[in-house]
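For reference, the structure discussed in these notes is given below.
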Amino acid sequence: MNEKDWLILRAVYQHKNITRAAEQLYTSQPALSYRLRQIERKLAIRLFEDGQKGLVFSAQGEYLAQHAVSVLNDLQQLKLNLHSLDQEQQGEISLGVSSNYAAYRLPPLLSQFRQTHPGIRVNLMSGFSEGIIQKLLRGEIDMALVKDDFNWKEGKHLIEEDDYVLVNRQDFDFALLPHMPQIKIHHGPHVTQLIERWWNANFSHAPTVTMEVDKLEVCMAMVEHGLGYAIVATYLPLPEHFYRRPISVDGATVKNRTWLLHRHNLNATPYMQAFIHLLQTAQQGLMPR
């Protein structure tokens, strides 16, 4: 298996279509199909299920395609690291990050990046996602790590997902929730709308908000001391003794999604590529959190 084989497997896995994969790889459909058969013969496996409508990977094919994604990510990172060792890079990344991601997820990633790119300075500012996206639009920062994709039309990557859950010090009668004290934390407009939809589908009275806080750790401390319940994302491991209930809308759990947004022209800068790759690798669970 060489790099071209891994690229073929990744492209076919992403598109689930031979023609579109061939177009992406600038080759013909017959040539691509031939190479897939060669891979099957070499490994004595079947990549696809027979008799299925459309292109359906077999269990072996699924495993090999996922491995191809991992191999190519590792190869890209190896090339970037070798390039950074060849010459001392100098440069700067201006990064805007939502506060909770900056506190709980970003520090180990920045530490890892500094080890491989010691000459690159990272200027960081944190705050609410709505403020961060405005800075990106005005060109004040190079990248944004925020809680919504804001219909961004350029570089965009889903970096992380967490569930939103209702948490309380102890179990309770769900029907009494509107009368219980709520500790409210800022979620941003998109998630706030989803939570309001969930609330209105279950209750006819507004919640009883007794506290409003801007930090997750403050919110958790209040819940820990029995001062109310909260609706939070699972950024941190929740205490085992906490009662928790997922927040679902139309049968789907409300997700806390972190998006990396950037201009397309950043892809031309090696250290920018390396930073984007690092965040994507963390999303795939290959980096420690």
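Note that the numbering runs from 1 along the sequence shown for the chain. Nothing here was measured: the structure is a model prediction, and the numbers come from that model.
In the displayed structure, Lys184 atom NZ is contacted under 6.0 Å by at most 12 heavy atoms of other residues, nucleotides or ligands. Surrounding NZ of Lys4 are at most 12 heavy atoms belonging to other residues, nucleotides or ligands under 6.0 Å away. More than 12 heavy-atom neighbours from other residues, nucleotides or ligands sit within 6.0 angstrom of CZ on Phe203. When the shell of 6.0 Å around CZ of Arg121 is examined, it contains 12 or fewer heavy atoms from other residues, nucleotides or ligands.
Glu224 and His241 form a side-chain donor-acceptor contact under 3.5 Å, judged by distance and modelled atom types alone. Using modelled atom types and a 3.5 Å distance limit, the side chains of Tyr104 and Glu217 yield a donor-acceptor pair. Between Glu92 and Asn123, the side chains place a donor N or O and an acceptor N or O closer than 3.5 Å (distance only, hydrogens not considered). A side-chain donor from one of His157 and His262 sits under 3.5 Å from a side-chain acceptor of the other.
The two residues Ile231 and Ile185 come nearest to each other via the heavy atoms O-CG2, 3.7 Å. Shortest non-hydrogen contact noted between Val223 and Ala230 is CG2-CB, 3.9 Å. Residues Gln280 and Ile159 come closest through the heavy atom pair N-CD1, 4.2 Å. The two atoms that bring Val209 and Glu212 nearest to each other are CG1-CG, 3.9 Å, heavy atoms only. The two residues Thr210 and Pro181 have their closest heavy-atom pair at OG1-CB, 3.5 Å. A pairwise comparison of heavy atoms in Ile18 and Ser33 identifies CG2-OG, 3.8 Å as the closest pair.
Taking the side chain as every heavy atom from C-beta outward, Gln182 and Thr208 never approach each other to under 4.5 Å. Counting heavy atoms from C-beta on, the side chains of Cys219 and Val232 come closer than 4.5 Å. By the 4.5 Å heavy-atom criterion applied to side chains, Val97 and Val146 are not counted as neighbours. Counting only heavy atoms from C-beta outward, the side chains of Thr258 and Glu161 never approach each other to under 4.5 Å. The shortest side-chain heavy-atom distance between Phe174 and Asn202 falls under the 4.5 Å cut-off. Within the 4.5 Å cutoff, no side-chain heavy atoms of Trp259 are placed close to those of Ile133. Between Tyr164 and Leu194, every side-chain heavy-atom pair lies at or beyond the 4.5 Å cut-off. Taking 4.5 Å as the limit, every side-chain heavy atom of Leu261 sits out of range of all side-chain heavy atoms of Met143.
Judged by distance alone, with hydrogens and angles left aside, the side-chain atoms of Ser248 form no donor-acceptor pair with the main-chain N or O of Gly251 at under 3.5 Å. Counting only distance, with no hydrogens or angles, the side chain of Ser58 and the backbone of Glu49 share no donor-acceptor pair below 3.5 Å. A donor-acceptor contact shorter than 3.5 Å is absent between the side chain of Trp198 and the backbone of Ala201. Judged by distance alone, the side chain of Asp5 and the main-chain N or O of Asn2 form a donor-acceptor pair under 3.5 Å. For Lys16 (side chain) and Tyr13 (main-chain N/O), a donor-acceptor pair under 3.5 Å exists by modelled atom type. Between the side chain of Asp163 and the main chain of Val165, no donor-acceptor pair closer than 3.5 Å is present. Counting only distance, with no hydrogens or angles, the side chain of Ser111 and the backbone of Pro107 share no donor-acceptor pair below 3.5 Å. Here the side chain of Trp199 pairs a donor or acceptor atom with the backbone of His205 at under 3.5 angstrom.
By the criterion of side-chain heavy atoms lying less than 4.5 angstrom apart, applied directly or through intervening Ile, Leu, Val, Met, Phe, Trp or Tyr residues, Ile8 is grouped together with Met1 in one hydrophobic cluster.
Salt bridge Asp149/Arg257: absent, no basic N to carboxylate O contact under 4.0 Å.
Judged by a 6.0 Å distance limit and a 45° cone about the ring axis, Arg169 is not positioned over the six-membered ring of Tyr243.
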